[in-house]
Protein chains: 2
Amino acid sequence: MHDHSKVLEEVKKGMPEEKKLCRLAELFKLFGDGTRMKILYSLFESELCVCAISELLQMTQSAISHQLKILRDGNLIANRREGKTVYYFLADDHVRTIIGQGYEHITEGEEK
Amino acid sequence: MHDHSKVLEEVKKGMPEEKKLCRLAELFKLFGDGTRMKILYSLFESELCVCAISELLQMTQSAISHQLKILRDGNLIANRREGKTVYYFLADDHVRTIIGQGYEHITEGEEK
DNA sequence: CATTCATATGAACGTCTACTCATATATTAT
DNA sequence: ATAATATATGAGTAGACGTTCATATGAATG
């Protein structure tokens with residue numbers, strides 16, 4: 001194996017600590033599922049209650065609730081209760097920004 | 001179950017087609033792994049060969065190669081061969097932007 | 001051509017994950 | 001209190017995923 005010490009030293013300096021990189025990966029993992037992505041996108045315009053989301057995505061209430069919990073634990077969404085109904089909404093504008101960047105990437109060089 | 005037809009109609013209009021949302025999730029999935037995140041970050045400054053990356057991350061060459069393939073299939077990185085050595089580099093500036101947005105999110109409200 | 005070095009790849013294996021199903025909790029209405 | 005509605009949650013399961021191990025490919029060197 002040839003030598004890389006010089007390059008690696010430089011690269012290491014520019015990198016955040018391991019822990020931070022893993023947290024970063026954990027964050028992106030939240031966006032890395034079709035169901036969660038749809039949920040997040042559905043909250044772009046307005047808050048929605050659980051059963052509205054499950055109706056929109058045509059999935060069971062249970063499946064949606066499980067994913068909502070994951071998103072809430074990740075601080076991407078928050079909720080408020082109004083009687084029996086619980087409304088979920090985006091917790092942070094970063095969510096929109098991050099998804100927007102990804103969207104730009106995949107739609108780049110497309111027309112249809 | 002109460003009625004959501006009015007709200008859902010609005011929300012549906014604002015949402016991209018299902019296929020696109022899944023592709024978006026697939027994109028973010030690429031960032032959603034510690035090893036891949038480290039690889040991408042290590043390529044922020046300069047291109048690197050496989051064994052440099054595996055030395056940097058202290059992981060086997062095989063593990064790194066597998067992940068490089070995933071990133072390459074996802075068009076986040078590209079490579080060039082120079083003799084026996086293969087150098088990998090970021091394929092797109094979007095990668096930096098997207099990761100940057102995520103980084104901002106997780107470092108928000110931190111000092112240490 | 002055989003060897004060595006750098007990288008790629010297929011199979012196997014253990015772990016993680018997203019869903020389902022059953023059930024629990026919480027709130028309102030009767 | 002009982003029933004009904006909306007949501008949450010634990011256990012179980014099938015499939016996806018990341019690593020390892022063994023091996024293959026590809027290029028330079030003797």
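All chains are named by letter (A, B, ...) in the order of the sequence lines, taking the proteins before the strands, and each is independently numbered beginning at 1.
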Within less than 4.0 Å of OP1 or OP2 of [N], is there a side-chain N or O belonging to [X]?
{"X": "Tyr88(B)", "N": "dA8(C)", "result": "yes"}
{"X": "Lys29(A)", "N": "dT17(C)", "result": "yes"}
{"X": "Gln67(A)", "N": "dT17(C)", "result": "no"}
{"X": "Arg72(B)", "N": "dA8(C)", "result": "no"}
{"X": "Thr85(B)", "N": "dA6(C)", "result": "no"}

Can you tell me how far [atom2] of [N] sits from [atom1] of [X], to the nearest Å?
{"X": "Leu30(B)", "N": "dC17(D)", "atom1": "CG", "atom2": "P", "answer": "10 Å"}
{"X": "Leu68(A)", "N": "dA18(C)", "atom1": "CG", "atom2": "P", "answer": "13 Å"}
{"X": "Met59(A)", "N": "dT17(C)", "atom1": "CE", "atom2": "P", "answer": "17 Å"}
{"X": "Lys69(B)", "N": "dA11(C)", "atom1": "NZ", "atom2": "P", "answer": "14 Å"}
{"X": "Lys38(A)", "N": "dC19(C)", "atom1": "NZ", "atom2": "C1'", "answer": "13 Å"}
{"X": "Gln58(B)", "N": "dT20(D)", "atom1": "CD", "atom2": "C1'", "answer": "17 Å"}
{"X": "Lys84(A)", "N": "dA8(D)", "atom1": "NZ", "atom2": "P", "answer": "15 Å"}
{"X": "Arg81(A)", "N": "dT7(D)", "atom1": "CZ", "atom2": "C1'", "answer": "7 Å"}

The side chain of [X] is closest to which nucleotide in this list: [options]?
{"X": "Asp33(B)", "options": "dA8(C), dT20(D), dG18(D)", "result": "dG18(D)"}
{"X": "His66(A)", "options": "dA6(D), dT9(D), dC21(D)", "result": "dT9(D)"}
{"X": "Cys49(A)", "options": "dA8(C), dT7(D), dT19(D)", "result": "dT7(D)"}

Regarding Lys13(A) and Glu45(B), does a basic nitrogen lie under 4.0 Å from an acidic carboxylate oxygen? no
Between Lys29(A) and Glu26(A), is there a salt bridge with N-O shorter than 4.0 Å? yes
Over all strands shown, is Tyr87(A) touching base, sugar-phosphate only, or nothing at heavy-atom distances under 4.0 angstrom?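 The answer is nothing, as Tyr87(A) stays clear of every strand by at least 4.0 Å.
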Base, sugar-phosphate, or nothing: which does Ser65(A) touch, judged by heavy atoms less than 4.0 Å apart? base
Ile70(A) vs Asn79(B), nearer the 5' end of DNA chain C by closest nucleotide: Asn79(B)
Tell me if the side-chain of [X] makes a donor-acceptor pair with the base of [N], cut-off 3.5 Å, by modelled atom types.
{"X": "Gln61(A)", "N": "dA8(D)", "answer": "yes"}
{"X": "Thr35(A)", "N": "dC19(C)", "answer": "no"}
{"X": "Ser62(B)", "N": "dT9(C)", "answer": "yes"}

Looking at residues at least two apart in the chain, or sitting in another chain, which of them share a salt bridge (Lys or Arg N to Asp or Glu O under 4.0 Å) with Glu82(A)? Arg80(A)
Is there a donor-acceptor pair under 3.5 Å between the side chain of Thr97(B) and the backbone N or O of Asp93(B)? yes
Testing the 3.5 Å rule here: is there a donor-acceptor pair between the side chains of Ser65(A) and Gln61(A)?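 Yes.
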Among His105(A), Met37(A), Arg36(A), exactly one meets side chain to side chain contact (heavy atoms under 4.5 Å, CB included) together with Phe28(B). Which residue is that? Met37(A)
